[in-house]
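Here is the structure we will look at.
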There are 2 protein chains.
Amino acid sequence: MHRIKRNTILLSQGEICRYTFKVVTGCFKSYVIDSSGKEHILQFAPEDWYISDLDSLVNEKPSVLFIEAIEDTTYIRLTKEELQSFSKDEQNRKLVNSVISLQNRLVALLSSTAEERYFDFINAYPSMINRLPLKLIASYIGVTPEYLSEIRRKLKEK
Amino acid sequence: MHRIKRNTILLSQGEICRYTFKVVTGCFKSYVIDSSGKEHILQFAPEDWYISDLDSLVNEKPSVLFIEAIEDTTYIRLTKEELQSFSKDEQNRKLVNSVISLQNRLVALLSSTAEERYFDFINAYPSMINRLPLKLIASYIGVTPEYLSEIRRKLKEK
DNA sequence: CACATTTCTTAAACTACCTTAATCATTGTC
DNA sequence: GACAATGATTAAGGTAGTTTAAGAAATGTG
């Protein structure tokens, strides 16, 4: 079991990812930084979630993602070999869940407005809303903090 | 081995997906239709690719996706049980590849402009460019056909 | 071949979302 | 408890991408 402080980076873009991290308490985020320096969050990992750059881990190539603690966090880390020693069923379930969650995000990004994606987020992660700053939610749903702030104001006015 | 004509739908939104389809010759697309009736393509599956709605297949719930032949296509279909009889390694590789390709699309949608995503598409699927109508490429990269047409014109002017 | 249907292009008006910048609120730190 | 740093809000102006509509090109069909 490992213990790290908020804002600590566990994996940086360009490094080869050697582990999958399983959160015990706290929360991680994975994100990319685009050519203009902006951060875009792909995943939050609160208690019991797994987080990793699978492409980097499996194919031993440089990661495109950062993984960083957004709260003081305790976690377990699993090497590729340890992951592979999981039962076939267990491994499958985890991989299938990853596919499903990415597919759902993709569908939402392609076919919903920012306001709809904000509702989706609230429904999918009701307990995260009070735990995350607006800034991070905005980055996850794919808008600027200023625009999410405007969305919230419009919702109150109703 | 099954054989179907262009424009035939193999899976519709709302149905439970019973198979993973492996293309022998031809090409499938998977897509969603949003609340305003617009189509958004998630994946193309040319020769040797697999396509399915994993969430629906594995959890036996109604599919959100359509799967449709965009050329006359021959394919093999695999039930959930047949898929599970694959070697652990083979199954893992396929699932990991799905995660990676979805993750790449997500990163692109969050952090690139439409023009950059068009370049990404050309680089990732050079052989598909001549095979797909503009309309379908536009749907895949997440813009209207009119706007992709404009992107192409601007590129020619350079 | 002729006709219908679908696809592609162009252009003008529009909108969802971004940028910048200023102000205020909250949090962390010595 | 003061001050710095970070986060949230608001507003004005800008831009990437959409909508609508119409015509041109390509494709399918009897």
Side-chain angles (χ1 to χ4, degrees), chain A residues 4-9 27 29 31 33-41 44 68-72 108-122 128-158, chain B residues 5-9 27 29 31-41 44 68-72 108-122 128-158:
Chain A
I4 53 169
K5 291 227 160 267
R6 222 183 133 190
N7 299 330
T8 309
I9 293 181
C27 190
K29 65 179 175 186
Y31 60 97
I33 294 192
D34 70 22
S35 53
S36 73
K38 256 175 299 175
E39 175 180 320
H40 305 273
I41 294 178
F44 293 113
E68 180 178 333
I70 58 179
E71 302 172 354
D72 293 354
L109 274 179
L110 285 169
S111 67
S112 309
T113 63
E115 183 175 317
E116 287 166 339
R117 296 196 308 270
Y118 178 57
F119 286 137
D120 290 349
F121 183 81
I122 293 176
M128 296 296 284
I129 285 290
N130 306 308
R131 196 166 160 183
L132 296 172
L134 168 145
K135 204 186 151 182
L136 294 187
I137 298 173
S139 169
Y140 183 89
I141 69 175
V143 295
T144 58
E146 292 84 355
Y147 191 59
L148 179 51
S149 199
E150 194 182 324
I151 290 175
R152 283 188 169 170
R153 177 160 42 91
K154 279 181 191 156
L155 288 176
K156 269 186 216 153
E157 283 168 10
K158 288 178 186 169
Chain B
K5 291 227 160 265
R6 228 186 126 184
N7 299 330
T8 310
I9 293 181
C27 191
K29 65 179 176 185
Y31 60 97
V32 286
I33 294 191
D34 70 22
S35 54
S36 73
K38 257 174 302 178
E39 175 181 320
H40 305 273
I41 295 178
F44 294 113
E68 182 177 332
I70 58 180
E71 303 172 353
D72 293 354
L109 273 179
L110 284 169
S111 65
S112 309
T113 63
E115 184 175 317
E116 287 166 339
R117 295 194 310 267
Y118 179 57
F119 286 137
D120 290 349
F121 182 81
I122 293 175
M128 296 295 286
I129 285 291
N130 306 309
R131 197 167 161 183
L132 296 172
L134 167 145
K135 206 187 149 181
L136 295 188
I137 298 173
S139 169
Y140 182 90
I141 67 174
V143 296
T144 57
E146 292 84 356
Y147 191 59
L148 178 52
S149 198
E150 197 181 322
I151 290 175
R152 282 186 168 171
R153 178 160 41 91
K154 279 180 191 157
L155 288 175
K156 268 186 219 154
E157 283 168 9
K158 290 178 184 169

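Chain A is the first sequence line, chain B the second, and so forth, proteins listed ahead of strands; every chain is numbered from 1.
The CG-C1' distance, from B:L136 to C:dT6, rounds to 12 Å in whole Å. Following rounding to the nearest Å, B:I137 (CD1) and C:dT9 (C1') show an atom-to-atom distance of 15 Å. At whole-Å resolution of the value, CG in B:L148 and P in C:dT7 are 15 Å apart. Atoms CD1 (A:I151) and P (C:dC17) sit 7 Å apart, rounded to a whole Å. Counting to the nearest Å, the C1' atom of D:dT29 and the NZ atom of B:K5 are 14 Å from each other. When rounded to the nearest whole Å, the span between CG of B:L134 and P of C:dT6 equals 17 Å. Put simply, OH on B:Y118 is 17 Å from C1' on D:dG17, counting in whole angstrom units. Distance B:L109 CG to C:dC17 C1': 15 Å, rounded to the nearest Å.
Along DNA chain D, the nucleotide nearest B:Y147 and the nucleotide nearest A:K135 are compared for position; the residue whose nucleotide lies closer to the 5' end is A:K135.
Note on B:P133: only backbone sugar-phosphate atoms sit closer than 4.0 angstrom, heavy atoms only; bases stay farther off. Residue contacts for A:E146: at a heavy-atom cut-off of 4.0 Å it reaches a base atom on one of the strands shown.
Note that CZ of B:R131 is 12.0 Å distant from CG of B:L136, once rounded to the nearest 0.5 Å.
The side chain of B:T144 places an N or O atom within less than 4.0 Å of a non-bridging phosphate oxygen (OP1 or OP2) of D:dT18. Between B:R152 and C:dC8, a side-chain N or O to OP1/OP2 separation shorter than 4.0 Å is absent. In this structure, B:K38 reaches the D:dT19 phosphate: one of its side-chain N or O atoms is under 4.0 Å from OP1 or OP2.
Closest to the side chain of B:R153, out of C:dA11, C:dC8, C:dC17, is C:dA11. Of the candidate nucleotides C:dC17, D:dT18, D:dT10, C:dC17 has the atom nearest to the side chain of A:A114. Candidate nucleotides C:dT9, C:dC17, D:dG17 were compared by shortest atom distance to the side chain of B:T113, and D:dG17 ranks first.
A:S111 approaches B:D34 most closely through the heavy-atom pair CB-CB, 3.6 Å. The two residues A:I151 and A:A114 have their closest heavy-atom pair at CD1-CB, 3.8 Å.
Put simply, the residue from A:H40, A:E68, A:E39 that forms a side-chain hydrogen bond (donor to acceptor under 3.5 Å, both in side chains) with A:Y31 is A:E68.
In terms of modelled atom types and a separation under 3.5 Å, the side chain of A:D72 and the main chain of A:R6 share a donor-acceptor contact.
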